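Encoded as structure tokens, here's the structure I'll be asking about.
Keep in mind that this is a model prediction, so the values were computed, not measured. Naming: A, B, ... by sequence-line order, numbering from 1 per chain.
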Protein chains: 2
Amino acid sequence: MTWGRACHDVRVSSSLKDVAARAGVSARTVSNVVNGSARVSEQTRVRVQEAIDELGYRPNLAARSLRAGRTGIIGLAIPELHSPYFAELAGLIVDEAHRRSWTVIIDQTRGDAEAERRLLTGDGGRVMDGLVISPWALGAPDLTATARPLPVVLLGERSPQGMADRVAVDNVAAAEEATAHLLSSGRRRIAAIGLQPHLENGTARQRAEGYRRALRSAGVTPRAGWERSVTALHREDGARAMAELLDGDAAPDAVFAFSDELALGALHTAHARGLRVPEDLAVVGFDDIEDGRFSHPPLTTVSPDKRQIAARALQCLADRIYSPRNEVPAADLTIPHRLVVRGSTVGDAATR
Amino acid sequence: MTWGRACHDVRVSSSLKDVAARAGVSARTVSNVVNGSARVSEQTRVRVQEAIDELGYRPNLAARSLRAGRTGIIGLAIPELHSPYFAELAGLIVDEAHRRSWTVIIDQTRGDAEAERRLLTGDGGRVMDGLVISPWALGAPDLTATARPLPVVLLGERSPQGMADRVAVDNVAAAEEATAHLLSSGRRRIAAIGLQPHLENGTARQRAEGYRRALRSAGVTPRAGWERSVTALHREDGARAMAELLDGDAAPDAVFAFSDELALGALHTAHARGLRVPEDLAVVGFDDIEDGRFSHPPLTTVSPDKRQIAARALQCLADRIYSPRNEVPAADLTIPHRLVVRGSTVGDAATR
DNA sequence: CTGAAAGCGCTAACAG
DNA sequence: CTGTTAGCGCTTTCAG
């Protein structure tokens with residue numbers, strides 16, 4: 001006995017069939033009205049619409065996607081939502097998905113290799129039509145190994161066998177430019193903050209490579225003590241690394257941080273130690289997050305075209321979702337970047 | 001003729017039935033193995049598991065939720081993902097949802113009233129089991145008007161008729177404390193940045209109320225020219241408002257910004273104008289985002305317990321999702337906050 | 001312990 | 001133009 005029924009304003013949810021009954025038509029006709037799939041006489045259209053409104057009918061997406069074999073939902077897996085770079089990127093991806101009438105499920109891996117692997121193997125049910133993932137713990141080998149039952153776009157990390165599309169900036173070139181910029185202002189004792197030798201992931205490795213390449217091109221010998229590793233990419237890690245550098249036997253006159261957050265942490269330490277930026281220490285970051293535009297001094301940084309990353313990534317996904325031909329070779333898209341020079345590297349009375 | 005079948009590594013996706021056939025059992029048994037719902041002999045269990053692995057079977061969530069009437073997906077609707085406060089909160093909510101085996105769909109309203117209304121009316125199909133929404137454009141009246149077919153938790157804004165649960169800090173009290181802190185250090189020319197008279201939303205109104213209340217308690221007459229409105233809550237808005245204040249006929253010696261982002265923007269302008277913080281100008285923010293801990297100087301701010309906001313909000317949702325009794329009156333949970341005092345209000349040689 | 005079968009809400013092929 | 005109907009893949013009641 002379901003006596004709860006007595007309460008008239010507790011309508012669970014009406015189905016297509018309910019609407020059909022109320023409008024005195026068949027389910028087929030209601031479906032047509034909802035989707036505009038076939039021509040319906042104006043008269044019945046109105047009657048059906050009334051029934052829909054009165055019953056507050058909403059199509060059940062589960063049923064619909066069970067039929068269609070598609071959910072209209074894509075996954076976005078990033079290490080950390082609270083990291084400004086990923087938050088900005090996620091915002092753009094959600095916008096872009098909106099344009100395509102997709103909904104975005106956000107998964108936060110917290111840099112957990114197992115979580116990333118689970119996502120790639122499509123565990124957790126076939127909810128997503130596709131996945132955009134920015135691997136952090138996983139590196140190239142892992143990405144090849146897993147068989148992927150769903151369209152995947154990798155942000156940043158490359159899959160060596162071309163098993164998935166990849167969208168990223170040219171990390172080596174970008175890091176080289178950033179370092180060259182410091183060299184061009186006469187700095188020679190240039191440190192790097194952000195190496196992550198404990199991770200398979202190659203992004204930090206590529207940036208380190210670009211950094212060293214620029215040094216060598218300028219005839220400066222890379223110095224192991226000036227390459228600081230970090231466990232995470234937060235401000236506090238940058239602050240700590242900077243402190244270690246300043247406490248070392250030879251203090252640098254410039255720092256290239258592999259992310260803006262690290263750079264902002266380094267700035268923090270520099271200020272705390274009474275260093276003038278950029279006079280005593282020049283700082284370059286990577287990502288162009290909004291905080292860097294308003295920091296003191298504003299941060300010189302490598303700015304990837306985030307909007308384009310979002311757009312291209314979803315385009316790749318759409319291509320694979322809507323054309324089941326698996327023959328398409330994996331795309332490897334290089335997104336443009338530019339060096340944005342601000343007060344943290346170039347002296348300017350107004351900013352200090 | 002579906003000749004694509006010939007390609008053996010293009011398996012679309014195997015169903016429960018396929019697994020059953022391969023294992024030589026019925027679908028029922030496979031279901032039991034997958035869900036552990038009934039006792040299955042070890043022997044068949046193993047055989048079924050093998051079949052699952054060989055076929056790479058993943059349960060179809062659409063089908064499952066069609067049966068269950070529940071999707072295991074909750075919605076999170078926030079104005080902007082790239083805003084640090086919402087990004088941090090979203091991260092915590094995703095974590096908390098994870099703990100409950102829920103998936104989170106993120107919707108970004110960009111402060112669009114229509115988008116917020118659409119979400120509340122449950123448009124877009126019954127995908128979500130519940131919704132956590134932080135209304136920005138919508139105010140109390142709108143929130144009452146809409147009939148909500150799904151459990152909703154409001155962050156910040158109160159629904160006057162108690163139509164939905166609400167989780168928020170005590171904005172008036174928090175603003176009053178922040179302002180009192182400035183007063184206690186001897187400041188009297190205290191400005192406020194962040195009013196949004198054009199919005200229905202009451203959050204800014206409450207903070208303004210607390211601000212004025214503190215001034216009056218100290219015998220200071222609120223001054224209209226020191227209450228600055230903003231269109232958005234970004235750094236640039238704070239920077240602009242600060243510039244207007246400094247260009248006004250009477251410059252303030254302290255600022256209470258209704259968000260950390262606004263406060264950081266204000267700091268930016270203060271630095272650009274050569275003001276010393278906190279000597280010439282003290283600044284307090286609201287939200288306690290990470291940037292504020294590493295800004296120069298570090299930002300004094302009102303810190304809401306974000307982790308608790310996330311936990312309580314999802315608890316409310318769970319209560320409604322799992323107990324269909326609609327009788328439960330709407331909860332109105334006040335989350336604790338505390339004032340975190342840092343260098344932007346209290347002089348300290350080390351931070352400047 | 002396992003099999004058969006109904007049905008969740010929707011779409012689309014087939015009739016009329 | 002509209003009605004009937006067969007599943008999409010899964011869970012679950014009822015038998016065996």
Rounded interatomic separation in angstrom, taking CG from Leu61(B) and C1' from dC8(C)
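To the nearest whole Å, that distance equals 14 Å.
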Tyr57(B) has an atom OH; how far is it from atom C1' of dT11(D), in whole Å?
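The distance from OH of Tyr57(B) to C1' of dT11(D) comes to 10 Å, rounded to the nearest Å.
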Arg100(A) vs Gln315(A), side-chain contact (heavy atoms from CB on, under 4.5 Å): CA-CA, chis, key distance, verdict
CA-CA 10 Å; Arg100(A) 296 177 181 272; Gln315(A) 182 60 52; 2.8 Å; yes
Specify the separation, in whole Å, of atom CG of Leu66(A) and atom P of dC8(C).
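Spelled out: CG on Leu66(A) to P on dC8(C) is 13 Å.
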Quick check on dT2(C): is either OP1 or OP2 less than 4.0 Å from any side-chain nitrogen or oxygen of Thr44(B)?
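For dT2(C), OP1/OP2 do have a side-chain N/O of Thr44(B) under 4.0 Å.
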Using whole Å, what does the distance between atom C1' of nucleotide dC8(D) and atom CZ of Arg70(A) come to?
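Going from Arg70(A) (CZ) to dC8(D) (C1'), I get 14 Å.
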Applying a 4.0 Å non-hydrogen cut-off, can you work out what Arg64(B) is touching in the nucleic acid: base, sugar-phosphate, or nothing?
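Sugar-phosphate, no base atom in range.
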So, is Ser41(B) close to the dT2(C) phosphate, meaning a side-chain N or O under 4.0 Å from OP1 or OP2?
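So the side-chain polar atoms of Ser41(B) do come within 4.0 Å of the phosphate oxygens OP1 or OP2 of dT2(C), strictly under.
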Full working for side-chain contact (heavy atoms from CB on, under 4.5 Å) between Val30(A) and Val25(A)
CA-CA 7 Å; Val30(A) 179; Val25(A) 298; 3.8 Å; yes
Could you tell me how far apart Leu16(B) (CG) and dT11(D) (P) are, to the nearest whole angstrom?
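The answer, rounded to whole Å, is 7 Å.
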side-chain contact (heavy atoms from CB on, under 4.5 Å) between Lys306(B) and Tyr85(B): does it pass, once the steps are laid out?
CA-CA 9 Å; Lys306(B) 300 191 201 77; Tyr85(B) 173 71; 3.6 Å; yes
Does any part of the side chain of Arg110(B), heavy atoms only, come nearer than 4.5 Å to the side chain of Asp95(A), both counted from C-beta?
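Yes; the side chains approach each other to less than 4.5 Å.
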Within a reach of under 6.0 Å around CZ of Arg307(B), are more than 12 heavy atoms found that belong to other residues, nucleotides or ligands?
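No, not enclosed.
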Among residues 23-32 of chain B, which residues get a heavy atom nearer than 4.0 Å to DNA chain D?
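When residues 23-32 of chain B is checked for heavy atoms under 4.0 Å from DNA chain D, the hits, listed by number, are Arg28(B), Ser31(B).
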For Leu81(B) and Ile106(A), run side-chain contact (heavy atoms from CB on, under 4.5 Å): C-alpha distance rounded to whole Å, both residues' side-chain angles, the deciding distance at 0.1 Å, then the answer.
CA-CA 11 Å; Leu81(B) 210 34; Ile106(A) 297 216; 4.1 Å; yes
Of the non-hydrogen atoms in Arg64(A) and Pro59(A), which two are nearest, and what is the gap between them?
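Answer, listing the atom of Arg64(A) first, then Pro59(A): NH2-CB, 3.4 Å.
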Just how far, in rounded Å, is P of dT2(C) from CZ of Arg45(B)?
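Atom CZ in Arg45(B) sits about 12 Å away from atom P in dT2(C).
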Please report, rounded to the nearest Å, how far the C1' atom of dC10(C) is from the NZ atom of Lys17(A).
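Lys17(A) atom NZ is separated from dC10(C) atom C1' by 10 Å.
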For the pair made of CG in Asn60(A) and P in dG7(C), what is the distance, rounded to whole Å?
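One finds 18 Å between P of dG7(C) and CG of Asn60(A), rounded.
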